[in-house]
S.K.: 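I'd like to ask you about the structure that follows.
All values reported here derive from a predicted model rather than from experimental measurement. Counting starts at 1 for both ligands and their atoms, in listed order.
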Amino acid sequence: MRRRLIVGNWKMHKTATEAAVLVRRLSDLVSEPGQVEVVIAPPFTALHAAARALPASPSFALAAQNLHWEDEGPFTGEVSAPMLKDLGCRYVILGHSERRQLFGEDDEGIQRKIRASLRHGLRPILCVGESLSDHKKGRTETVVTGQLRKGLDGISKDEIRLVTIAYEPVWAIGTGQAASPAQAGAVHETLRGALAKSWGAGAGEQVRILYGGSVTAENAGEFLASSRIDGALVGGACLDPQSFATIIAVAQKTAR
Ligand code: PGA
């Protein structure tokens with residue numbers, strides 16, 4: 001059975017000092033998430049402070065928001081997988097639409113990053129999602145399965161079990177306009193089918209698929225009630241500890 005996963009993507013918010021305060025407030029509100037795995041993804045500069053403030057429970061984990069595919073070298077401003085692993089990261093978010101759209105990331109680069117993360121035992125959370133215009137043209141399935149296959153090209157059957165997929169329709173991110181649970185569930189089913197086709201039925205069953213895009217304390221229950229949705233990637237709402245704690249509580253209630 002796939003364990004529920006709630007990920008908070010802090011994006012470019014919070015200094016290291018602020019991060020420690022936020023994590024402490026969150027851990028006061030969520031003592032032990034039990035069957036739910038809770039992951040926070042602060043900016044690089046706050047990872048260390050967040051790691052120190054995080055409760056010492058395997059149910060809580062740290063994620064980075066990006067990495068460079070090389071281990072080290074002349075890449076000014078970049079951060080590598082071994083550096084993140086050393087800071088205590090368990091996960092790394094890769095291929096987020098903001099990275100694709102604002103920083104020119106393409107599927108080939110994302111695939112190199114996925115390989116680098118797996119090489120160092122970091123679990124990648126691969127984000128896929130269609131733009132509003134693709135959505136309107138009915139191209140959602142083509143776009144997301146294309147991103148999935150290209151991003152994960154060459155990944156072995158053993159490695160695929162370490163991968164998490166986040167379906168994040170670009171038009172739903174930060175807009176307050178979430179997809180409907182039925183829409184998201186249908187795309188999740190398509191993604192699971194694509195995973196099974198390329199890596200076998202076992203992989204299709206084991207890989208967790210999250211929904212992201214305007215998830216809030218108010219609507220989280222609708223998504224998490226669906227057996228097709230294994231968790232959530234939360235942006236804006238994760239910066240408010242009370243809202244994030246409520247989303248975690250909803251995930252606990254609906255845990256399978
Ligand atoms: P949002 O962001 O929850 O603010 O829409 C989600 C994300 O970008 O991961």
S.K.: Among E108, E105, H68, find the residue that satisfies the side chain to side chain donor-acceptor pair (under 3.5 Å) test when tested with K113.
M.R.: E105

S.K.: Answer yes or no: is there an ion pair linking R25 with D240, defined by an N-O contact shorter than 4.0 Å?
M.R.: no

S.K.: Mind checking whether G174 has a heavy atom under 4.0 Å from ligand 1?
M.R.: yes

S.K.: Side chain, backbone, both or neither: which applies to N9 and ligand 1 if a contact is any heavy-atom pair less than 4.0 Å apart?
M.R.: side chain

S.K.: Please classify the A172 to ligand 1 contact at 4.0 Å (heavy-atom distances, strictly less than): side chain, backbone, both or neither.
M.R.: backbone

S.K.: Under 3.5 Å, is there a donor on one side chain and an acceptor on the other for E70 and S80?
M.R.: no

S.K.: Below the 3.5 angstrom mark, is there an N/O of T175, backbone or side chain, next to an N/O of ligand 1?
M.R.: no

S.K.: Can you name the side-chain hydrogen bond (donor to acceptor under 3.5 Å, both in side chains) partners of R149, sequence neighbours left out?
M.R.: none

S.K.: Under the rule for ring pair (Phe, Tyr, Trp, His ring centres under 6.0 Å), what residues qualify as partners of F223, not counting sequence neighbours?
M.R.: Y211

S.K.: Atom 3 (O) of ligand 1: which protein heavy atom is closest, and how many Å away?
M.R.: G235 N, 2.8 Å

S.K.: Can you list the atoms of ligand 1 that are under 4.0 Å from a heavy atom of G213?
M.R.: 5 (O)

S.K.: Atom 4 (O) of ligand 1: which protein heavy atom is closest, and how many Å away?
M.R.: G236 N, 2.9 Å

S.K.: Heavy atoms only: give me the nearest V39-A63 pair and the separation to one decimal.
M.R.: CG1-CB, 3.6 Å

S.K.: Please write down residue, atom name and distance for the protein heavy atom closest to atom 9 (O) of ligand 1.
M.R.: E168 OE2, 2.7 Å

S.K.: If the contact criterion is a heavy-atom separation under 4.0 Å, does A166 count as touching ligand 1?
M.R.: no

S.K.: Would R119 and D71 satisfy salt bridge (charged side-chain N to carboxylate O under 4.0 Å, His left out), going step by step from the backbone distance to the final call?
M.R.: CA-CA 10 Å; R119 207 164 58 234; D71 292 358; 3.1 Å; yes

S.K.: Any non-hydrogen atom of G212 lying under 4.0 Å from ligand 1?
M.R.: no

S.K.: Just distances here: any N/O of H96 and N/O of ligand 1 closer than 3.5 Å?
M.R.: yes

S.K.: How close do A220 and V250 get, heavy atom to heavy atom, and via which atoms?
M.R.: C-CG1, 4.1 Å

S.K.: Would you mind listing which atoms of ligand 1 come within a distance below 4.0 Å of any non-hydrogen atom of L233?
M.R.: 9 (O)

